[in-house]
S.K.: 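Dropping the structure in here first, questions after.
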Amino acid sequence: MATRFWLFKSEPTCYSFDDLMRDGTTHWDGVRNYQARNFLRDEIKKGDQVLFYHSNCKEPAVVGICEVVRDGYPDHTAFDSDSDHPDLTSSRENPRWYMVDVEPIRKLENPVSLSLMKDVSDLVDMQLLKRGNRLSVMPLSQEHFSKIISLSE
DNA sequence: GCCAACGTTGGC
DNA sequence: GCCAACGTTGGC
């Protein structure tokens, strides 16, 4: 299957791109939304490219690129009542929530801010810019992916 | 199955 | 801190 492109949101106070650079890899746990879950479980595959977006912070922006290194598998943090995102309606036998593993490729030379992206006509139909969008994991076209990277240079 | 109430997200 | 938008819950 062809490489596909995605945008993952994270609040930098919670987990930033620098945290991912430091860790070298992470599992993208804690997603508790069915639409995002379906992407993680069914669509996002090893080798796919991901833009890392900082949300809910002073300057919301795409800050780095990463790559999926493991296909979707059950999010075990849901089974753990001591985790940050417990959901005991999910079990090992019948998991409700899924995650993938990612590794950083590189930090962008310059962050591509939300306000900049809003001003770029090629990006008007990007899902991130749609009104009321709240998905933390969303698909991205190759064109939008490439455009955002060119804006960071 | 409807829908009001509520909680969360996330930009500003 | 405000608030619009959205998803989920639960009574009926």
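So you know, we letter chains A, B, ... as the sequences are listed, proteins then strands, and number each from 1.
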S.K.: Could you give the CZ-to-P distance, from A:Arg32 to B:dT9, as a whole number of Å?
M.R.: 12 Å
S.K.: Within less than 4.0 Å of OP1 or OP2 of B:dT9, is there a side-chain N or O belonging to A:Tyr53?
M.R.: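 Negative; the distance criterion is not met.
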S.K.: Taking atom P of B:dT9 as reference, at what distance in whole Å does atom CZ of A:Arg134 sit?
M.R.: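 Rounded to whole Å, this separation is 7 Å.
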S.K.: Apply salt bridge (Lys or Arg N to Asp or Glu O under 4.0 Å) to A:Asp80 and list each qualifying residue two or more places apart in sequence or on a separate chain.
M.R.: none
S.K.: Rounded to whole angstrom units, what separation is found between the CG atom of A:Leu114 and the C1' atom of B:dG10?
M.R.: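 Rounding to the nearest Å, CG of A:Leu114 and C1' of B:dG10 are 10 Å apart.
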S.K.: So if I apply the side-chain contact (heavy atoms from CB on, under 4.5 Å) rule between A:Val102 and each of A:Ile44, A:Thr25, A:Thr26, which one comes out positive?
M.R.: A:Thr26
S.K.: In whole angstrom, give the distance that lies between atom CE of A:Met117 and atom P of B:dC12.
M.R.: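 Distance check: A:Met117 CE to B:dC12 P gives 11 Å.
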S.K.: Please give, in whole Å, the distance from C:dC6 P to A:Leu135 CG?
M.R.: 11 Å
S.K.: Between P on C:dC6 and NZ on A:Lys9, what's the gap in Å once rounded to a whole number?
M.R.: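 To the nearest whole Å, that distance equals 12 Å.
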S.K.: Mind checking what makes ring pair (Phe, Tyr, Trp, His ring centres under 6.0 Å) contact with A:Phe17, not counting sequence neighbours?
M.R.: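 For A:Phe17 the ring pair (Phe, Tyr, Trp, His ring centres under 6.0 Å) partners, ignoring immediate neighbours, are A:Phe52.
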S.K.: For A:Asn56 and A:Asn33, find the nucleotide of DNA chain C closest to each by heavy atoms; which residue's nucleotide sits nearer the 5' end?
M.R.: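 Comparing both residues, the 5'-ward one is A:Asn56.
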S.K.: If you take any heavy atom closer than 4.0 Å to DNA chain B, which residues from residues 118-131 of chain A end up in contact?
M.R.: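 DNA chain B contact set from residues 118-131 of chain A: A:Lys118.
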S.K.: Rounded to the Å, how far apart are A:Lys58 NZ and B:dC12 P?
M.R.: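 Going from A:Lys58 (NZ) to B:dC12 (P), I get 15 Å.
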S.K.: Please enumerate all residues that pass side chain to side chain donor-acceptor pair (under 3.5 Å) together with A:Asp42, with sequence neighbours excluded.
M.R.: none
S.K.: In whole Å, what is the span from the CH2 atom of A:Trp97 to the C1' atom of C:dG7?
M.R.: 10 Å
S.K.: Using a 3.5 Å cut-off and no angle test, enumerate the donor-acceptor pairs between side-chain atoms of residues 131-138 of chain A and protein atoms at least two apart in sequence or in another chain.
M.R.:
from, atom 1, to, atom 2, distance (Å)
A:Asn133, OD1, A:Leu135, N, 3.3

S.K.: Can you name the salt bridge (Lys or Arg N to Asp or Glu O under 4.0 Å) partners of A:Lys107, sequence neighbours left out?
M.R.: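 With neighbours one apart ignored, the set is A:Asp18.
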